Structure formats: C-alpha cells, structure tokens
Number of protein chains: 4
Amino acid sequence: MSWNSFGHLLRFTTWGESHGPALGVVVDGCPPGLPLTEADIQPFLDKRRPGQSRFTTQRQEPDQVRILSGVFEGKTTGTPISLVIENVDQRSKDYGNIAEAYRPGHADWTYDTKYGFRDYRGGGRSSARETAARVAAGAIARKVLGESIRIRGYLVELGGDAIDRANFNDAAIDANPFFCPDPSAAERWAEALDAARKSGSSLGAVVEVVASGVPAGLGAPIYAKLDSDLACAMMTVNAVKGVEIGNGFEAARLRGEENADAMRLGPDGKPRFLSNNAGGILGGISTGQDVVVRMAIKPTSSILTPVPTVTRSGTETEVVTKGRHDPCVGIRAAPVAEAMMALVLADHLLLDRAQCGAVPRG
Amino acid sequence: MSWNSFGHLLRFTTWGESHGPALGVVVDGCPPGLPLTEADIQPFLDKRRPGQSRFTTQRQEPDQVRILSGVFEGKTTGTPISLVIENVDQRSKDYGNIAEAYRPGHADWTYDTKYGFRDYRGGGRSSARETAARVAAGAIARKVLGESIRIRGYLVELGGDAIDRANFNDAAIDANPFFCPDPSAAERWAEALDAARKSGSSLGAVVEVVASGVPAGLGAPIYAKLDSDLACAMMTVNAVKGVEIGNGFEAARLRGEENADAMRLGPDGKPRFLSNNAGGILGGISTGQDVVVRMAIKPTSSILTPVPTVTRSGTETEVVTKGRHDPCVGIRAAPVAEAMMALVLADHLLLDRAQCGAVPRG
Amino acid sequence: MSWNSFGHLLRFTTWGESHGPALGVVVDGCPPGLPLTEADIQPFLDKRRPGQSRFTTQRQEPDQVRILSGVFEGKTTGTPISLVIENVDQRSKDYGNIAEAYRPGHADWTYDTKYGFRDYRGGGRSSARETAARVAAGAIARKVLGESIRIRGYLVELGGDAIDRANFNDAAIDANPFFCPDPSAAERWAEALDAARKSGSSLGAVVEVVASGVPAGLGAPIYAKLDSDLACAMMTVNAVKGVEIGNGFEAARLRGEENADAMRLGPDGKPRFLSNNAGGILGGISTGQDVVVRMAIKPTSSILTPVPTVTRSGTETEVVTKGRHDPCVGIRAAPVAEAMMALVLADHLLLDRAQCGAVPRG
Amino acid sequence: MSWNSFGHLLRFTTWGESHGPALGVVVDGCPPGLPLTEADIQPFLDKRRPGQSRFTTQRQEPDQVRILSGVFEGKTTGTPISLVIENVDQRSKDYGNIAEAYRPGHADWTYDTKYGFRDYRGGGRSSARETAARVAAGAIARKVLGESIRIRGYLVELGGDAIDRANFNDAAIDANPFFCPDPSAAERWAEALDAARKSGSSLGAVVEVVASGVPAGLGAPIYAKLDSDLACAMMTVNAVKGVEIGNGFEAARLRGEENADAMRLGPDGKPRFLSNNAGGILGGISTGQDVVVRMAIKPTSSILTPVPTVTRSGTETEVVTKGRHDPCVGIRAAPVAEAMMALVLADHLLLDRAQCGAVPRG
C-alpha cells in the first residue's frame with residue numbers, strides 16, 4: 001500500500017493521467033486458472049463510464065479495456081495481468097486556464113507544492129479518471145472471489161436527501177441513473193441535481209457498498225484488519241471524506257447492550273447473529289454476515305460558480321471550471337466502491353489462505 | 001501495513017497479549033541522532049494508563065516502558081528501537097467464563113473461527129491493551145516530527161452528547177477525566193457515564209485529533225494518501241467504526257461552492273485558505289492547514305448487562321463480562337489517536353523527503 | 001520485493017510474456033522534475049536488443065519504447081511512469097513442440113507444476129524477454145542517480161575462458177559483440193562461441209558490473225543491505241546461478257589481514273581505502289569506492305543437442321529447442337545487470353535520503 | 001524486506017545490539033496451532049552459541065530464549081511471536097579503543113558516515129550477535145515447514161582447504177567443532193585455524209546448506225524467486241561475500257547439454273531429474289529436488305595483527321582488535337544459514353498456498 005499500488009497479495013498498480021494517451025493497471029498475484037476475457041471486465045467499466053445520462057460528465061470515453069498479459073487460452077496464468085484503456089476524448093484546451101489558477105477543493109495547489117509542477121490537463125493524475133483502472137482490476141478480484149460472494153454498491157443519500165430504507169428495492173438500483181435503491185428518492189434526486197447543475201453548483205452523496213456471502217475469518221489483525229483495509233481503500237477514492245463500517249458513527253450513540261450483536265444458534269446448529277451493527281466485522285475479522293461500508297463523497301469542486309483563488313504567479317483571481325464535469329461525482333463512485341470492496345476481499349481471501357489454510361472451518 | 005506492522009518507512013511492529021508477561025513494539029526506520037530516553041515516552045503512556053479515574057478500568061498497570069535497543073548515549077542510532085512494557089496486574093481467573101462463551105461485540109468468535117482457537121485471557125491479542133505499544137511508538141514519531149508540529153486529541157461527543165464548539169477551551173482538555181475541551185459537557189458526561197456504569201452498560205464516543213504545523217506536501221497519492229493512511233491507522237484502533245477527514249460526512253450535504261475552501265493571498269504574499277472543510281488534505285496531500293480527523297468509537301461490549309450468546313461447544317447462554325473494564329473505551333482512545341496521527345505524519349515526512357527532497361518549497 | 005515488483009521506494013513492476021502483444025513496466029516513486037523522453041531510454045534497449053550479431057538470437061525486435069504516463073512537458077511528474085514495448089516478431093509456431101515436452105534446464109516443468117498450466121509460447125513469462133522491461137526501467141534509475149554515478153557492465157569470462165585483467169580496456173567493451181574489455185579474449189570468445197553454436201550447444205558466462213561515484217552511506221542494514229539487495233536483484237535475472245560482491249568467493253581463501261581494506265588519509269584529508277576487496281560495501285553500506293558485483297550465468301538450455309526429457313502426458317522423449325536462441329545468454333545480460341545495479345542504487349539513494357537526509361556528510 | 005524485517009508473509013523483525021541489555025525478534029504471520037515452546041528453539045541457539053570450542057569467541061553467552069507472546073497453551077495463536085535473549089557477558093570496556101579508530105573490514109566507518117555516529121560497543125547493531133535472533137526465528141520456520149523438510153548446513157571449505165566430497169559423512173557434521181562433513185578435512189582445519197589464531201590472523205570459509213523434501217512449486221517469479229530470496233537472505237548474514245545456487249559459478253563453465261538436468265520418469269511414473277546442477281530451482285521455482293545454496297564468508301577483520309587505519313578525528317593509526325573474537329566466523333554461520341533457509345522456505349510455503357492453494361498437485 002505505497003505510492004500507486006494497493007493490496008498485500010492480490011496487488012494492483014495503476015498508472016495514467018486524465019489526458020495522457022492511456023491509463024491502465026497491472027494486477028499481480030492473481031491465482032492461476034481463472035477464466036478471464038475482456039468481456040468479464042467490460043460490463044463493470046460500462047457501469048462507471050461517463051456520458052450515460054445528463055447527470056454525469058459529457059466526456060465521451062468508450063473505456064474499452066485490453067488485456068495485454070497474464071492470460072493464456074482464456075485463463076489467468078498466475079503472472080501479472082496488464083490492462084490498458086485508451087483515452088480518446090481529451091480536450092486539453094479546456095484546461096488552459098487552470099494551468100495558472102488553482103481550483104479550490106482540487107489537488108492543483110497541493111500537487112504543485114509537493115512536486116514543483118503538475119500535469120494540469122484535466123487534473124492529470126489526480127483526476128477521477130484513474131478510477132477506471134480500479135474498476136477494471138475489481139473485475140478480476142470478483143473472479144478470485146467466485147460466484148458465492150455478491151457485491152452491491154448504491155447511493156443512500158444525495159445532496160443531503162437520504163433514501164427511505166423501507167423503500168429499499170434491489171432491482172431499482174440499476175433502473176435509474178443514480179444507483180438508487182429507493183425509486184421515489186431517485187425522482188427527488190433528479191430534480192435536485194438538475195437544479196444544482198443549472199445553477200452552476202454540485203452536490204455530494206453517500207455511497208453504501210455491501211458484500212454478501214463473505215466467509216467468516218477474513219482479516220489480518222492488527223494492522224491489516226479487514227475494516228482498516230476497507231477504510232484505506234475507500235478513502236483513496238477521489239472526493240471521499242468519511243468512511244463507516246456497519247452502523248458507523250451511529251454506534252457512538254448507542255449503549256453497549258444495544259450495539260453488541262447478540263448470538264444464537266441457527267437452525268443448522270451454527271452460531272448466527274441477531275443483528276449486524278458491526279457491519280460484518282469484529283476485531284478486524286469477518287463474521288460471515290454482510291460486510292457493510294459507507295463513504296461520504298464531497299460535492300465536486302469543478303463548478304461554474306466562481307470561487308476566489310490565487311494563481312501560480314501569486315495574484316488573486318476567481319476560477320470557474322468549464323470543462324465537462326459530473327455535477328455529483330458520488331454517482332459514478334458506486335461502481336468504484338464495489339471494485340475496491342472486491343479487491344480488498346479477494347486480497348484477504350488469499351492472505352487468510354496463506355496463514356490459516358490448514359485451520360478446519362465449518 | 002500487513003499483519004502486525006504499520007508504516008512505510010517509519011515502520012512499527014507491535015506484539016503482546018493482554019495477559020502475557022509483557023507487550024511491546026519495535027520501531028524501525030527512525031532517523032538517527034534524535035534525543036530519546038524513557039522519559040520522552042512515559043508521559044504519553046501515563047495519559048493512556050488505566051485506573052486514573054472511576055471512568056476507566058480499575059486494572060492497575062504502571063505501564064513503565066523500557067528501551068532495549070536503538071539508542072546510544074541518549075540518541076537514536078538509526079537502528080530498530082525495541083520498547084517493552086510489562087504486564088503486572090493480570091487477573092486471568094476473571095476470564096475463565098469467557099473461555100467458553102463468546103462475548104457478543106468482541107472478537108472472541110471471529111478469532112476462534114479464524115485461528116481455530118484463541119488466547120481468551122482478557123481478549124488476548126484483540127485487547128485494547130495493545131494500544132499501549134502504539135502510544136509508546138507515537139512518542140518516537142513525535143521526536144521525528146519535531147517541536148513545530150503539535151498534535152491534540154480530545155473527545156467531541158460521549159454517549160451521543162456533543163460538545164458546544166463555542167465553549168472549546170484547549171486548556172480544559174487535560175483538566176477533566178474525559179479529554180473534553182468543553183467544561184460544561186465534561187460535567188454532563190460525568191453524570192451520564194456514572195449512570196451507564198451503575199446500570200451495567202457502556203457508552204460510545206467521538207474522538208477528534210488535530211495536527212497543527214504540518215507542512216504542505218505530505219502524502220503519497222494515490223494509494224498511500226495522507227487521508228487514506230490516516231483512515232487506515234484510525235480504523236485499526238479497537239472499537240473504531242467510522243473515520244472522517246475535515247467536515248467528513250457533513251461534506252456530502254454541502255454544495256460545491258460551500259465546501260471548496262477558497263484561496264487568497266496572506267499578508268506574507270503566500271496562498272492561504274479561507275476555511276478548512278478539507279481538514280488539511282487535498283488530493284491526498286497536506287495543504288499546510290490543520291489536519292483534522294475524527295473517529296467514532298462504539299460502546300464497549302464488556303458490560304454487566306447480560307447479552308444472549310452461544311458457547312464454543314454449541315449451546316445458547318447469556319454472558320456478563322465481569323473483569324475490569326472501561327465504561328467508555330473512547331476516553332483512553334484520545335492518546336491513542338494522537339499517537340496514530342503522529343506515526344502517520346512522521347512516516348509521510350520521511351516518504352516525502354525520499355521522493356521530493358530536492359523540490360524547492362517556500 | 002514480491003511477485004513482479006522490485007524496489008522499496010523506486011519500485012518497478014514488470015508485465016508481459018515473450019509472445020503476448022507487448023511487455024512493459026510501471027516505474028513508481030520516481031522523483032519529480034527529471035528530464036525524460038523515450039530518447040533517454042532507447043539507447044539502453046538498443047544495447048540489449050537481439051539480432052545485432054550472430055552471437056545473439058536472430059529474433060528481430062525493434063524494442064521501441066513508448067512512455068504512456070508520468071511525464072509532462074518532458075519532465076517526470078512524480079506519478080507512475082508506464083513504459084510499453086510491443087512484441088513484433090513472435091513466431092509462436094516454433095514452440096508447438098515444447099507445449100508438450102518439458103525443456104530441461106528451463107522453467108517449463110516448474111511453471112506447469114506451480115500454476116497447473118503455462119503459456120508455453122517462447123517460455124511465456126519466464127522468457128528472458130522480460131529483461132527488456134528492466135532495462136527500460138534502469139534508464140529511469142540512471143536519471144535518478146544523475147551524471148556523477150557511472151555504471152558499467154561487461155563479461156569477464158565466457159565458456160570458462162576468463163579475461164586477462166592486465167588487458168582491461170574500457171573502450172574495448174563496446175567495440176566487440178561480447179561487451180568484453182579484453183580485445184584478445186573477445187577474439188577467442190568469438191571462435192569458441194561459433195564452435196558451440198555450430199555444434200548445437202551453448203556457453204555460460206560471468207558478467208561483472210561496476211558502479212563508480214556512488215556516495216558513501218547507501219544501504220539499509222540489516223535486511224535491505226546494499227549487497228543483499230544487489231544479490232537479490234542479480235539473482236532475479238534469468239539463468240543467473242551465483243552472485244559475488246567484491247572479491248566474493250576469493251575472500252573465503254584470504255587471511256583477515258589480507259582481506260581487510262586498510263585505510264589512510266587521502267590528500268584531501270579524508271579517509272580513503274588502500275584496496276577494494278570489499279567491493280565498495282561494508283556492513284551493507286556503501287563505502288564510496290566502486291561497487292563491484294559479479295554474476296554467473298549458466299549456458300542456455302535452448303540448444304539443438306537432444307536432451308532426455310518427459311512430456312506433460314507422462315512419456316519419455318528427447319527435446320531439441322529450435323526457435324531462435326542466444327548461444328550465450330550471458331552477453332545480453334550485461335546491459336540487464338547494469339540496469340539492475342542502477343535500480344538498486346537509485347532506490348537506496350531515496351531510502352537513505354528518507355532516513356538520513358538530515359545527517360551532515362562530507 | 002526493508003530495514004530490519006525480512007519475509008513476505010512469515011515476516012520477522014530483529015532488534016538489539018551486541019552490548020545492549022538484550023536482543024530479540026518478532027516473528028509475524030506464523031500459522032496458528034503449531035506446538036511451540038522454548039525447548040523447540042533452544043537447541044538451535046545452542047548450536048550457534050559462542051564459547052563451545054577454542055575455535056569460536058570465548059564470550060560466554062547462555063543465549064537463553066524467552067517467548068513473550070504469540071503462544072497460548074503451548075501452541076502458536078497466529079499472532080506475533082516475540083522472542084528475547086538477554087546479553088549477559090558484555091565487556092564494553094574492551095571496545096574503548098575502537099570508539100575512535102575505524103576497524104578496517106568492519107562497518108565502523110560506514111555506520112559513522114551513514115548515521116553520523118554509532119554504537120561502537122562490540123560493533124553495536126552490525127555485530128554478528130544479531131544472528132542469534134535469526135536462529136531463534138528459524139526454529140519457528142522449521143515448525144511451519146514440518147518434519148518432512150530437512151535442512152542441513154555445514155562447511156565445505158575453510159581457509160581455502162575444501163572437503164573431499166567422496167568423504168562426505170552426514171554423521172560427522174556434528175562430531176567436530178567445524179560442522180565439517182569430512183572428518184579428515186576437520187583435522188586439517190583444526191591445525192590451520194590454531195595456527196591462524198596464534199599468529200593473530202583469521203580464516204574464511206564456505207558454508208553449504210541443503211534442504212531436502214521441499215515440495216515442487218515454491219517460489220514467486222519474477223522478483224521473489226526462491227533463489228533470489230535465498231540470495232538476499234544469505235547475503236544479509238554478516239561477512240558473506242558470495243552466494244551460489246546449485247553448481248553456481250561452475251555452471252558458467254559448462255556447456256548447455258552438460259548443465260541442463262535431464263528428465264526421466266521415475267518408478268512411480270512421475271518426472272524425476274537425472275542430476276541437480278540447478279540446485280533444486282528452475283525459473284525461480286522449486287523442482288522438488290534438494291535446494292542447494294553455498295555462501296562465501298570472509299575472514300573476520302577482528303584480528304590481533306595491526307592494520308593501518310584512520311581515526312574519527314582524522315589521524316592515521318594502526319588498529320588491533322582485542323576483545324574476544326571468532327578466528328573463523330564461518331563456523332557459527334552454519335546454523336545461521338540453516339535458519340535463513342528455513343525462513344525463506346516457510347515464507348514461500350505460505351506465499352504459494354496463498355496464490356496456488358487451489359492448484360491440484362501430485
């Protein structure tokens with residue numbers, strides 16, 4: 001987990017800038033013998049792809065992935081899998097003005113300060129376009145996890161307007177442009193986001209991602225806990241400012257006996273939990289219940305409303321970000337959150353097999 | 001960041017169980033020539049030490065630290081610093097009953113499932129006693145950071161009752177048993193916690209930790225961002241269920257122009273920010289403003305109120321955790337959060353020097 | 001140093017097979033602001049490129065490198081540098097027979113055993129073609145090291161015939177197809193290698209690589225010593241079976257007072273060594289003298305002489321490796337050894353700056 | 001493999017100086033449920049322990065190991081195992097003179113240069129006393145490997161005098177003070193070493209270590225090959241200047257058909273090799289044959305013969321190393337080499353299980 005690599009054993013390394021010729025990822029440590037073609041990866045990229053509704057950036061990127069290595073006769077070989085996605089719709093001239101003026105809320109000033117200069121075209125390396133590489137890697141992680149683990153990401157809040165959990169409908173998630181499980185909330189969000197967009201503003205969101213079917217025993221205490229790795233993973237996603245596991249901050253407001261998930265024997269005679277406040281993780285180790293993570297995503301700072309700022313050469317000015325931007329970056333973060341969940345779980349599946357492969361488990 | 005080690009370059013490894021003979025930490029990668037004695041470390045351990053008020057566990061542990069290596073003639077040599085703390089007040093017999101019954105909300109069941117069995121005495125490795133080792137390591141990290149960086153951890157909420165920011169008084173933090181910066185909140189918390197304790201229950205808390213004087217430029221995008229490493233660090237602390245940077249989840253409820261921290265030139269002609277919603281980090285890199293992190297801590301599950309559970313041998317029962325426990329583990333988490341902040345920042349100071357040591361900065 | 005990545009801070013990850021569409025490398029952790037274009041990398045690839053004399057494989061690969069990320073306006077940005085090299089002259093049909101029969105001395109059987117199957121085309125991932133990626137990465141490492149560090153790789157032995165050190169002529173190294181510093185040895189080697197080739201055999205070699213101008217103080221005892229990292233680096237190169245530092249195995253035959261490099265004051269009043277048996281490294285740390293490494297390279301097992309072997313399906317047979325092969329893989333290992341030396345040194349330059357950047361040095 | 005830690009998954013961290021209060025090691029990532037007591041570790045320390053014959057240092061160290069964590073009811077728990085060994089026979093005053101004068105051939109000058117100063121007592125951290133910690137860790141690695149893997153280290157050359165392989169007698173190894181498998185060589189070595197010691201000199205050695213029963217398939221190409229990790233491991237041992245796998249440098253003098261180990265079907269119908277020039281490793285992966293490593297150990301530089309040197313304050317002088325020293329450090333390196341072999345193999349056993357645990361193997 002250093003620089004541009006993530007993961008202990010299933011380890012991926014991303015590269016590429018928003019306006020370079022291409023971006024990509026090398027996925028290392030994948031078990032051999034898993035069936036893999038571009039067709040296994042592309043659907044996930046398509047979910048994240050921009051330009052699919054008026055609520056995301058109008059940049060047109062086909063985001064076609066190519067496998068350059070690590071697969072032979074349709075199966076992973078155990079060697080590094082190199083994936084590449086070409087950038088085709090760069091309009092770098094859109095970014096001439098931000099070469100000079102720092103966009104508040106963006107990484108412009110910090111990159112300049114850290115590195116002495118920066119690739120300012122579309123945010124360069126700090127662009128959320130990097131997340132396409134993660135989504136591609138995530139598709140491989142799903143192969144490692146197998147069919148029995150299901151991962152689902154969706155928005156539970158947009159612009160401060162939360163879903164009604166009573167309306168939760170899994171089928172609705174893919175039936176609206178917001179990955180929203182509550183159809184009536186989706187309607188309200190459409191109005192709110194249209195209004196924000198027209199007024200040159202942007203909105204934040206809360207994304208929830210749930211993994212079902214995760215076996216108990218994953219997680220490597222104490223400094224690679226399943227929850228600490230998930231927190232790290234989610235916090236690396238652009239614009240994320242908070243991460244919760246299970247009932248998260250709400251847990252701090254409960255009493256001990258309310259928060260602890262009581263245990264009973266299930267019909268199969270095995271222990272089961274009567275609730276899941278813990279979000280499927282205790283002591284950094286999965287319990288076998290749903291693993292539940294939420295992340296808070298700030299409203300994008302790329303807006304048409306002028307914001308006071310300064311220039312590289314040291315004058316005060318205001319900046320307006322034209323280009324083509326998502327009025328709510330949280331929407332496309334849902335497939336990214338799914339990918340990060342898959343990558344962390346797959347990594348821990350291998351870690352656990354390494355250390356505890358000989359432990360008998362139910 | 002794997003198993004029991006944390007950090008990229010300033011890397012520490014902790015070991016020890018709640019009821020073993022001792023616990024400790026090896027701090028590796030420390031720059032040479034820093035003055036260091038036990039007296040530099042002990043005050044931080046003393047802040048975290050149990051048994052100092054009726055609001056923490058009554059286990060009596062002097063938590064005296066010994067330096068076994070890495071220091072010569074009062075200065076760090078650049079070689080690993082081994083610190084050891086003896087356990088003196090184990091009462092393992094208190095834990096006989098939990099050898100068999102899983103305590104809900106604890107790691108008993110997950111450790112048993114993962115490893116096939118567990119050291120049940122006082123929670124073994126999953127005990128918060130491990131955090132003493134982090135606090136000791138944190139004292140070394142502070143030496144690496146130097147005097148110009150100040151780190152302060154305190155509670156901003158206990159049992160759902162938040163401080164009034166208008167009452168924030170830095171001097172108050174050490175003047176009450178809660179590390180509470182709002183004296184009137186501290187009074188309310190005393191009552192609430194007494195009540196919870198007497199009724200055999202426990203309360204959660206929110207800890208905030210702020211680092212001032214952090215230079216701009218720390219952080220290693222994209223998978224070792226300053227904020228992702230902080231999120232990971234905080235989430236490894238026992239009982240933490242959520243982490244926020246800056247305004248955190250609140251950011252998801254703001255509009256783009258409200259959330260972005262506008263920039264202007266300061267009196268010295270250098271850029272400054274007009275607000276700090278970002279919590280001192282943009283694009284994973286420090287801005288030079290205060291680095292602000294909050295973490296949600298669940299109420300301890302070690303309570304006298306009976307909770308339904310099951311036993312190792314597969315029967316249903318109820319468990320009551322006698323032993324000696326903190327009615328609010330969030331209190332002693334404040335010095336732990338400070339230590340983790342110090343360790344992450346010091347690590348990133350070295351990482352940044354490695355890659356960008358030749359970049360000229362203000 | 002796991003799977004397909006190497007390095008602590010300047011960390012590269014290679015990918016690609018002998019007969020896939022391309023191979024490449026991602027170089028992470030490079031300091032920002034270094035001038036870099038393809039023209040800085042290509043000359044090193046050209047030195048390693050096959051088909052340049054009758055003594056190397058006749059496979060025609062232009063080995064043109066493309067930079068896909070991490071460079072902006074001709075300078076490194078501090079973000080990952082992705083380099084890609086297309087494979088253009090695959091003749092996979094040459095390898096039909098080795099899909100079934102294991103080539104002794106090659107990784108065919110071990111890959112099959114470990115992974116359950118393998119990409120057999122040209123050796124797949126185990127092909128020495130992977131070293132092109134290292135050579136490309138090495139060119140970036142040289143930029144990190146700067147002009148004052150000079151690295152030179154050459155053969156000191158071929159087919160058991162050693163050079164005469166008295167004839168050592170730096171200018172001769174690039175004037176013959178063997179990177180041989182002794183012109184008369186080069187003539188003998190040409191004859192020997194022609195004879196071996198014609199008889200369907202192959203020869204081994206010893207490569208020496210020397211780095212001059214390395215500052216004292218590089219190396220991270222105890223488990224990332226400069227010499228242990230060099231030994232690891234060199235042993236990862238295909239066909240290497242031994243590594244020596246300084247006088248290596250010869251040191252084991254000297255007496256203490258012969259082997260220890262005595263010290264005196266130089267004309268500048270600074271300590272200097274009267275000899276360099278240590279090969280520029282003491283206690284894992286560079287002394288400022290030339291860093292000297294040698295590696296033994298076995299004769300390639302891809303020969304026309306039939307060798308007894310078995311097949312995947314469990315029958316005994318003999319194998320003859322047609323394809324196009326180097327009769328002495330040691331020759332093209334010289335630029336690879338240079339690259340690995342550069343990568344290790346550059347990595348340690350950053351590591352040392354991280355920990356000891358504040359230590360005053362002459 | 002950075003600073004003072006080694007290993008990918010079974011990862012150990014050593015600490016301690018020659019003349020500090022103690023030294024130790026934390027072994028992390030050990031599988032749970034393995035029987036382990038101090039009695040499993042002590043015999044290996046006893047083999048390495050000084051003062052057992054006139055051919056090793058007369059420093060009297062009982063080297064009693066204590067387990068401080070990670071073991072419960074006689075079994076490993078999967079949490080870090082902390083081992084500590086007290087230093088009891090320091091005579092730091094012996095080292096007063098080397099505080100000022102650099103001992104040629106030692107790390108004195110390089111440590112001072114790198115770190116700005118050093119713990120000069122007995123070599124501080126650069127002392128071979130650190131290898132006690134490795135030997136202790138190695139005993140745990142053997143538990144991970146199980147009974148079917150046998151590791152044997154011995155000297156094959158001392159002072160340039162090699163054993164006669166025809167005399168090789170496994171039982172002889174522990175029957176002389178040199179771990180020498182050739183009884184007649186052992187007699188010659190005794191004379192040679194007595195003579196060297198009396199003349200105030202020292203001798204070098206070559207240690208060979210062989211692991212039998214290693215399953216095929218261990219090794220993680222390309223940058224954590226079994227041989228590259230072994231080379232790294234052995235080169236971290238004090239005084240080692242060269243490492244060979246299989247026939248090593250001799251391989252460079254053979255022809256392709258001589259060096260490649262031909263394959264045939266064994267009586268069980270499975271592939272077997274007709275020779276083992278490869279030393280049990282092909283393409284970085286174990287073949288199932290004996291894993292064979294040799295390392296060259298220089299003569300210690302701690303001798304009574306005066307050697308020209310300089311002082312910290314910049315004057316020329318001569319140094320004589322009194323203290324208590326091994327006239328041939330290679331002898332006690334044999335158990336250390338065994339430990340490093342065990343640690344690398346155990347680490348790779350876990351690594352392989354992580355990635356390839358689902359690959360069916362014979």
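As the structure is a prediction and not an experimental result, all values here were calculated from the model. Lettering follows sequence order; numbering is per chain, from 1. Values reported hereafter were calculated over all heavy atoms of this structure, with side chains retained and with hydrogens, waters and symmetry mates removed.
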For this session: Could you check whether the rings of D:F117 and B:F72 sit parallel, tilted or perpendicular, using 30° and 60° as the cut-offs?
Result: parallel

Exercise. Counting heavy-atom pairs under 4.5 Å to chain D, which of B:T14, B:V71, B:L9 comes out on top?
Worked result: B:L9

For this session: Measure the CD-CG distance between B:E86 and D:L68 for me, rounded to the nearest 0.5 Å.
Result: 9.0 Å

Seminar exercise, completed: Among B:G29, B:G116, B:G20, the residue with the most heavy-atom pairs under 4.5 Å to chain D is B:G29

For this session: Under 4.5 Å, counting heavy-atom pairs only, tell me which of D:R66, D:K75, D:E73 racks up the most with chain B.
Result: D:K75

Exercise. In terms of heavy-atom pairs under 4.5 Å, which option from D:G33, D:P31, D:G78 contacts chain B the most?
Worked result: D:G78

Exercise. Hey, mind stepping through B:T76 and D:Y115 against side-chain contact (heavy atoms from CB on, under 4.5 Å) and telling me if it holds?
Worked result: CA-CA 9 Å; B:T76 61; D:Y115 299 117; over 6 Å; no

Exercise. Which bit of B:I81 comes within less than 4.5 Å of chain D, counting heavy atoms only: side chain, backbone, both or neither?
Worked result: neither

Problem set entry | Atom pair CZ (B:F12) and OG1 (D:T13), whose distance is rounded to the nearest 0.5 Å | 12.0 Å

Exercise. Pick from D:G124, D:G70, D:P80: which one has the most heavy-atom pairs with chain B under 4.5 Å?
Worked result: D:P80

Seminar exercise, completed: Ranking B:P21, B:G16, B:G24, B:A22 by heavy-atom pairs under 4.5 Å to chain D gives rank one to B:P21

Exercise. By a 4.5 Å heavy-atom criterion (distance strictly below it), what part of D:T77 contacts chain B: side chain, backbone, both, or neither?
Worked result: both

Seminar exercise, completed: The reported gap from CG in D:N4 to OG in B:S82 (rounded to nearest 0.5 angstrom) is 11.5 Å

For this session: Take B:W15 and D:D28, measure what side-chain contact (heavy atoms from CB on, under 4.5 Å) needs, and give me the verdict at the end.
Result: CA-CA 9 Å; B:W15 56 268; D:D28 201 5; over 6 Å; no

